[in-house]
Asker: 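The structure is given below, and queries will be raised subsequently.
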Amino acid sequence: EAGVAQSPRYKIIEKRQSVAFWCNPISGHATLYWYQQILGQGPKLLIQFQNNGVVDDSQLPKDRFSAERLKGVDSTLKIQPAKLEDSAVYLCASSQPLGLAGLRGGELFFGEGSRLTVL
Amino acid sequence: AQSVSQHNHHVILSEAASLELGCNYSYGGTVNLFWYVQYPGQHLQLLLKYFSGDPLVKGIKGFEAEFIKSKFSFNLRKPSVQWSDTAEYFCAAGAAGNKLTFGGGTRVLVKP
């Protein structure tokens with residue numbers, strides 16, 4: 001099966017500029033996540049979608065970050081304006097509910113990530 | 001607050017040595033536990049997971065983990081590592097709904 005697709009893989013911008021990342025989850029996966037992974041740290045959840053609705057965005061810095069998942073499939077994460085501390089890898093993941101996918105239920109499938117450098 | 005802590009940031013060992021990575025979690029209620037691995041240049045992928053039942057879980061590539069509820073631990077083990085096990089390992093915990101909280105990761109370097 002095709003995996004989670006993300007683009008771009010790399011992006012370098014200057015502070016105060018804007019950037020957008022795109023994610024296409026595995027077909028049929030209702031739940032989509034955006035994680036931020038700063039160098040030397042574990043992934044931190046930014047936002048979780050169930051279909052096209054937001055389940056959890058408690059750790060999303062809403063003054064500069066926004067995300068949407070139109071039509072419950074692809075998702076876009078935007079940062080505007082970017083700060084130096086936003087330099088990180090932005091990971092998209094998708095999953096199926098525990099009760100619906102047998103042995104693979106509850107597993108998050110990750111994309112390769114989008115590496116952002118803010119200068 | 002939910003949290004996951006991994007004891008070691010870096011581990012260096014030789015091929016054929018045994019590996020054990022510590023993971024402790026703080027979570028209210030029923031918790032699902034995972035170990036993910038990230039090989040150099042690759043995406044995060046699942047090694048193994050625990051939802052319920054037998055607390056000794058076997059995963060891919062000879063890895064296993066033991067859930068000890070009384071210690072809030074889910075340590076990862078492999079009896080004999082190979083050079084190809086060089087990677088970063090992440091422990092994660094989550095309740096129903098699939099949202100996962102990750103530990104800080106342990107970088108493992110296996111010397112040939």
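Letters A, B, ... mirror the listed sequences (proteins, then strands); counts begin at 1. The figures here come from the full heavy-atom set of this structure, side chains too, leaving out hydrogens, waters and symmetry mates.
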Asker: Do B/L76 and B/V4 sit in the same hydrophobic cluster, where Ile, Leu, Val, Met, Phe, Trp and Tyr count as joined when their side-chain heavy atoms come under 4.5 Å apart?
Answerer: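 They do share one cluster, since a chain of ILVMFWY contacts under 4.5 Å joins B/L76 to B/V4.
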Asker: Among the clusters formed by ILVMFWY side chains lying less than 4.5 Å apart, do B/Y27 and B/L33 turn up in the same one?
Answerer: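 In one cluster with B/Y27: B/L33, yes.
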Asker: Identify which part of A/Q41 has an atom lying under 4.5 Å from any heavy atom of chain B, answering side chain, backbone, both or neither.
Answerer: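 The backbone, not the side chain.
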Asker: For side-chain contact (heavy atoms from CB on, under 4.5 Å), just list the numbers for B/T101 and A/L45, CA-CA rounded to whole Å, side-chain angles, deciding distance to a tenth of an Å, and then say yes or no.
Answerer: CA-CA 7 Å; B/T101 299; A/L45 180 71; over 6 Å; no
Asker: Tell me whether B/Y39 at atom OH has more than 12 heavy atoms from other residues, nucleotides or ligands lying less than 6.0 Å away.
Answerer: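 Buried by this count: over 12 neighbours within 6.0 Å.
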Asker: Flag yes if more than 12 heavy atoms outside A/W22 fall under 6.0 Å of its CH2 atom; otherwise flag no.
Answerer: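 For A/W22, atom CH2 is crowded (more than 12 foreign heavy atoms under 6.0 Å).
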Asker: Hey, what do you get for NZ (B/K99) to OG (A/S58), rounding to the nearest 0.5 Å?
Answerer: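 Result: 5.5 Å between the selected atoms.
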Asker: Where the side chain of A/Y35 meets the backbone of B/F102, is there a donor-acceptor pair that is under 3.5 Å apart?
Answerer: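 No, because the side chain of A/Y35 does not come within donor-acceptor range (under 3.5 Å) of the backbone of B/F102.
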Asker: Checking B/L100 against A/L108 for the side-chain contact (heavy atoms from CB on, under 4.5 Å) test, could you report, in this order, the C-alpha distance in whole Å, the side-chain angles of both residues, the deciding distance, and whether it holds?
Answerer: CA-CA 9 Å; B/L100 295 186; A/L108 269 63; 4.0 Å; yes
Asker: For chain B, find which of A/G40, A/A93, A/G42 contributes the most heavy-atom pairs closer than 4.5 angstrom.
Answerer: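 Top option by heavy-atom pairs under 4.5 Å: A/G42.
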Asker: Is the number of heavy atoms from other residues, nucleotides or ligands within 6.0 Å of CZ (B/F72) greater than 12?
Answerer: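 Open.
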Asker: On a heavy-atom basis, which atom in A/Q37 and which in B/F90 lie closest, and how many Å separate them?
Answerer: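 Reported closest heavy-atom pair: NE2-CZ, 3.2 Å.
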Asker: Chain A heavy atoms under 4.5 Å from B/Q6: which part of the residue, side chain, backbone, both or neither?
Answerer: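 No part of B/Q6 comes within 4.5 Å of chain A.
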Asker: Would one find more than 12 heavy atoms of other residues, nucleotides or ligands at under 6.0 Å from atom NZ of A/K62?
Answerer: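 Yes.
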Asker: Check this for me: A/L39, atom CG, are more than 12 non-hydrogen atoms of other residues, nucleotides or ligands nearer than 6.0 Å?
Answerer: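 For A/L39, atom CG is not crowded (no more than 12 foreign heavy atoms under 6.0 Å).
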Asker: Mind listing the closest non-hydrogen atom pair of B/H43 and A/E112 along with its distance?
Answerer: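 Shortest heavy-atom contact: CB-CA, 3.8 Å.
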